[in-house]
Number of protein chains: 2
Amino acid sequence: MEQVFNVLFEHIADKVPITERDKEVVMSFFRRKKLRKRQYLLQEGDVCKYISFVTEGLMRSYTVDEKGNEHINLFAWEGWWISDFAGFIFGNEAKLNIDAIEDTTVLLLSVENYEKMLTEVPLMERYFRVLYQNSLATKDSRLISAITHTAEEKYTMFLDTYPSIGQRLPQNLIASYLGLSPETISRIKKKITETNT
Amino acid sequence: MEQVFNVLFEHIADKVPITERDKEVVMSFFRRKKLRKRQYLLQEGDVCKYISFVTEGLMRSYTVDEKGNEHINLFAWEGWWISDFAGFIFGNEAKLNIDAIEDTTVLLLSVENYEKMLTEVPLMERYFRVLYQNSLATKDSRLISAITHTAEEKYTMFLDTYPSIGQRLPQNLIASYLGLSPETISRIKKKITETNT
DNA sequence: AGTATTTCCTGATTTAGGTCAAGCCCCTTC
DNA sequence: GAAGGGGCTTGACCTAAATCAGGAAATACT
């Protein structure tokens, strides 16, 4: 079995008991793709044909508002799915841009293969149900956090929640993810280190 | 078939082709419950044993922060599911409160029945996958909106998205849902009516 | 009908965080 | 090793929305 699929199958096995037989079938639906740092996987206005599973590297999805500001929607590193969901599901134009923050390898799953896979391998139906279910619970708390917490709380909570990824991200991207300005993050960092001494 | 189930089955049929036979089985897993206005379905700290489908009325889920402010997470009226998802799925203490804004009838589905139903009726596995998938897409756009838009944009977008429900909600609840103060909503309304004359 | 409780409005003041601007440091890349 | 471009910091200033406070409408309760 190809090396890159290990990450995917570990992720699946974590949620449902997948057999070697199923793995073979599942594999056949995916296509592998490599991306250089800064390379687009999807641009606003395109039709989003795939959902992608990151096996190596780091990606982001983001929107651009009228003033030209980028707002990061999601980071996806090893073991995460990324896509313009609304576009993928409902078939409309993508509102999101997706690009690589580091050199990245992804496994692409097209709409047709997604549907096919779900019917042919019922276990995968269950896998995605569980996956979505969990992300819903996560999204809920992010939303609450975005509405209720202060800038400082958002920042420290982000670092607590994703300690490993903090290192890999320039702080202006974290700012964009949290809906804060880079300057604010900078000031918060200063304040925190000052308090700790 | 009991009347209250109509709303549920319409909702299901909208996503997957459910048979009369399946309906019988599905029905058996639910329990019906009536709630008076202001009555709790779940309080913070309880174990969330159910997800609930609203067949009539209007409910909300909300958190309370350290300062005692309520932040509404979700409104659920006819045809919506409501629950403390994280709690229901992972079995930990509820962080959300859920109560009735109007007199409400819900159909309760316990964790055990949920799991049982999903295995016994594979079609329901698919239904929930599609349901979650769609809510994910919706949540995404609400999150982006919470981060990027101004108070006025959030308010008008809310009314555009849920025109029917605007009437049924006092505006302090809308404010709480949008993460704004009631005063701000009041001023926005004033501004809008002034502009329109 | 009359009281109580929400709900809503409006003004004055405060504040968190954004915006603008300038300079520095650290990588790349010729 | 110079030149350029990100990324980060810091200061001065600004603004959207929160908070505080008071009263007016509107609902609900007996």
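To find a chain, count down the sequence lines: A is the first, B the second, and so on, and within it residues start at 1.
One cannot find a donor-acceptor pair under 3.5 Å joining the base of C:dT6 and the side-chain atoms of B:R38. Judged by distance alone, with hydrogens and angles left aside, A:E183 brings a side-chain donor or acceptor within reach of the base of C:dC20, the pair sitting under 3.5 Å.
For A:A151, the listed nucleotide lying nearest its side chain is C:dG17; candidates were C:dT6, C:dG17, C:dG11. Proximity note for A:S181 (side chain, C-beta onward) versus C:dC8, C:dT19, C:dG11: the nearest is C:dT19.
Using a 4.0 Å heavy-atom distance criterion, A:I185 is classed as making no nucleic acid contact. Among the atoms of the strands shown, only primed sugar atoms or phosphate atoms (P, OP1, OP2) are found under 4.0 Å from some heavy atom of B:T184.
In this structure, NZ of B:K191 is placed 15 Å from P of C:dT10, rounded to the nearest angstrom. Between the CD atom of A:Q171 and the C1' atom of C:dC26 there is a distance of 14 Å, given to the nearest Å. In this structure, CZ of B:R187 is placed 8 Å from C1' of C:dG11, rounded to the nearest angstrom. In this entry the distance linking CD1 of A:I188 with P of C:dG17 reads 7 Å, nearest Å. The separation between B:L169 atom CG and C:dC8 atom P is 10 Å, rounded to whole Å. Taking atom CG of A:L178 as the reference point, atom P of C:dG18 lies 10 Å away to the nearest angstrom. Separating the CD atom of B:E102 from the P atom of C:dT6 is a distance of 18 Å, rounded to the nearest angstrom.
Using a 4.0 Å cut-off between charged nitrogen and carboxylate oxygen, A:R168 and A:E102 count as a salt-bridge pair. Salt-bridge formation is detected for the pair A:R60/A:E70: a Lys NZ or Arg NE/NH1/NH2 atom is positioned less than 4.0 Å from an Asp or Glu carboxylate oxygen.
Between A:F88 and A:Y114, the angle of the ring planes goes over 60°, which puts this pair in the perpendicular group of the 30/60° scheme.
Within the model, atoms CD1 of A:I72 and CG of A:L178 stand 9.5 Å from one another, a figure rounded to the nearest 0.5 Å.
Running 5' to 3' along DNA chain D, contacts with non-hydrogen atoms of chain A at under 4.0 Å begin and end at D:dG7 to D:dA12.
For the pair A:R126 and B:F128, the NZ or CZ position fails the cation-pi test of under 6.0 Å to the six-membered ring centre and within 45 degrees of the ring normal.
By the criterion of side-chain heavy atoms lying less than 4.5 angstrom apart, applied directly or through intervening Ile, Leu, Val, Met, Phe, Trp or Tyr residues, B:L35 is grouped together with B:Y50 in one hydrophobic cluster.
Side chain to side chain, A:Q171 and A:K189 meet the donor-acceptor criterion of an N or O pair below 3.5 Å.
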